[in-house]
Amino acid sequence: MTFRATVLTLYPEMFPGPLGVSLAGRARDEGTWALDTVQIRDFSADKHRTVDDTPAGGGAGMVLRADVLAAAIDHARARNPDAPVIAMTPRGKPLTQARVRELAAGPGAIVLCGRFEGFDERIFAGRNVEEVSVGDIVLSGGEPAALMLLDACIRLLPGVMGAPSSGTEESFENGLLEYPHYTRPALWEGRTIPEVLRSGDHAKIAAWRKSQSEIDTRSRRPDLWERHDGVRVQPASGARREKKD
Ligand code: SAH
């Protein structure tokens, strides 16, 4: 089954961009995923091809019009009927690896890229659009966010990544950051590789990696650690919550 990405944007020339090279590019050549871009401006009803207007209530910038966006979304849905419509916006739900996994297991995604001040709010309920953020940062447009979202999905598609296990030990897959990696040379600028990794003792190596993963998550991402720890040490009230993966 081909994962079909439809990107709605004012800058279709930004695609496939980085998704045209390396693993994603090869996977696209092989038909593992497909990409369509839709120029939002083509759905403007006026002769100046206007897509935006001034914000109601005043203030700086311009807002993408709901009627133009709706026409573009309806067109995309007709071509990619089963895919969820996702708008990239800092006001959205933070993207997680769990959501990426769900999307990668589905038929694809219709991804709406904002510009200027963003979207007329009515589009989200009016067209059943999911709002997703790629982090607590503000980009100048939704395109780099869409590239992130799609890249994260594409690498999970069957056959895209080399070793089958390289997707499952990764950061966030078990609610923790991954353990640190090292490679040759064994000595670099006076810095060595942890001895245990050179011991050949697989049980010891696994234990060290697990412990590093926990130590690093606790110190770097207390938010992740708290959730993980909360899941592990549920009160013994009988119904112990299952550890999420
Ligand atoms: N005025 C908006 C920001 C608009 S930035 C606000 O303060 O919330 C212009 C566009 O860039 C947005 O419409 C969105 O599509 C995209 N964008 C910016 N930051 C983003 C983020 N963190 N995640 C996803 N999309 C983002």
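Excluded from the calculations below are hydrogen atoms, water molecules and symmetry mates; all remaining heavy atoms, backbone and side chain alike, are included.
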Please find the pair of heavy atoms, one from [X] and one from [Y], that lie closest to each other, and give the distance.
X: Asp120; Y: Ala66; value: CB-N, 3.8 Å
X: Leu177; Y: Arg221; value: CD1-CG, 4.0 Å
X: Trp33; Y: Ala24; value: NE1-O, 2.8 Å
X: Ala76; Y: Leu8; value: CB-CD1, 3.7 Å
X: His228; Y: Gly175; value: CB-O, 4.1 Å
X: Asn128; Y: Arg77; value: O-NH2, 3.3 Å

Answer whether the closest heavy-atom distance between the side chains of [X] and [Y] falls below 4.5 Å.
X: Thr6; Y: Val38; result: yes
X: Ile215; Y: Ser211; result: yes
X: Phe116; Y: Leu64; result: yes
X: Tyr11; Y: Arg115; result: yes
X: Ile123; Y: Arg65; result: no
X: Ile110; Y: Pro84; result: no
X: Phe172; Y: Thr96; result: no
X: Leu112; Y: Val7; result: no

inquiry  = Could you walk me through whether Asp53 and Val63 satisfy the side-chain contact (heavy atoms from CB on, under 4.5 Å) test, starting with their C-alpha distance in whole Å, then the side-chain angles of each, then the deciding distance to 0.1 Å, before giving a yes or no?
reply    = CA-CA 5 Å; Asp53 209 331; Val63 177; over 6 Å; no

ask   = Does the pair Val160 and Leu157 meet the rule for a side-chain contact (heavy atoms from CB on, under 4.5 Å), with working shown?
value = CA-CA 6 Å; Val160 174; Leu157 299 176; 3.7 Å; yes

request  = Describe, in one word, how the ring planes of Phe43 and His75 are oriented to each other, choosing from parallel (under 30°), tilted (30 to 60°) and perpendicular (over 60°).
outcome  = tilted

query = Taking the six-membered ring for Trp, are Tyr179 and His181 parallel (under 30°), tilted (30 to 60°) or perpendicular (over 60°)?
reply = perpendicular

Report yes or no: do [X] and [Y] belong to one cluster of Ile/Leu/Val/Met/Phe/Trp/Tyr joined by side chain heavy-atom distances under 4.5 Å?
X: Tyr182; Y: Val196; value: yes
X: Val138; Y: Phe119; value: no
X: Leu95; Y: Phe124; value: yes

message = I'd like to know whether Glu226 forms a salt bridge (charged side-chain N to carboxylate O under 4.0 Å, His left out) with Arg218, so could you lay out the CA-CA distance, the side-chain angles of the two residues, the decisive distance to 0.1 Å, and finally the verdict.
response = CA-CA 8 Å; Glu226 202 173 295; Arg218 198 178 324 173; over 6 Å; no

As an exercise, state the distance from [atom1] of [X] to [atom2] of [Y], rounded to the nearest 0.5 Å.
X: Leu35; Y: Leu150; atom1: CG; atom2: CG; value: 7.5 Å
X: Leu156; Y: Arg101; atom1: CG; atom2: CZ; value: 5.0 Å
X: Ser44; Y: Gln39; atom1: OG; atom2: CD; value: 10.5 Å
X: Asp229; Y: Leu224; atom1: CG; atom2: CG; value: 12.0 Å
X: Ile193; Y: Trp188; atom1: CD1; atom2: CH2; value: 11.5 Å
X: Thr37; Y: Leu10; atom1: OG1; atom2: CG; value: 12.0 Å

Would the distance check show the side chain of [X] and the main-chain N or O of [Y] forming a donor-acceptor pair, the cut-off being under 3.5 Å?
X: Thr217; Y: Ser213; answer: yes
X: Thr50; Y: Asp52; answer: no
X: Thr2; Y: Arg4; answer: no
X: Ser171; Y: Glu178; answer: yes
X: Glu30; Y: Thr32; answer: no

ask   = Can you tell me if CG on Asp29 sees more than 12 non-hydrogen neighbours from other groups inside 6.0 Å?
value = yes

task = Return the set of residues passing side chain to side chain donor-acceptor pair (under 3.5 Å) with Lys93 (not counting sequence neighbours), or none when no residue passes.
result = none

inquiry  = Which residues pass the salt bridge (Lys or Arg N to Asp or Glu O under 4.0 Å) test with Arg127, not counting sequence neighbours?
reply    = Asp74

message = Please enumerate all residues that pass salt bridge (Lys or Arg N to Asp or Glu O under 4.0 Å) together with Glu130, with sequence neighbours excluded.
response = Arg99

query = Are a donor atom and an acceptor atom from the side chains of Thr9 and Glu143 found within less than 3.5 Å of each other?
reply = yes

key: Residue pair Trp225, Glu214: steps toward the side-chain contact (heavy atoms from CB on, under 4.5 Å) verdict   = CA-CA 8 Å; Trp225 180 251; Glu214 292 174 356; 3.8 Å; yes

task = Would you please test Leu149 and Ile86 for side-chain contact (heavy atoms from CB on, under 4.5 Å) and show each step?
result = CA-CA 10 Å; Leu149 171 79; Ile86 299 174; 4.3 Å; yes

request  = Take Arg155 and Glu170 through the salt bridge (charged side-chain N to carboxylate O under 4.0 Å, His left out) test and state the conclusion after the steps.
outcome  = CA-CA 12 Å; Arg155 64 189 285 285; Glu170 225 93 47; 3.0 Å; yes

Electrostatic pair Glu195-Lys204, nearest N-O below 4.0 angstrom = no

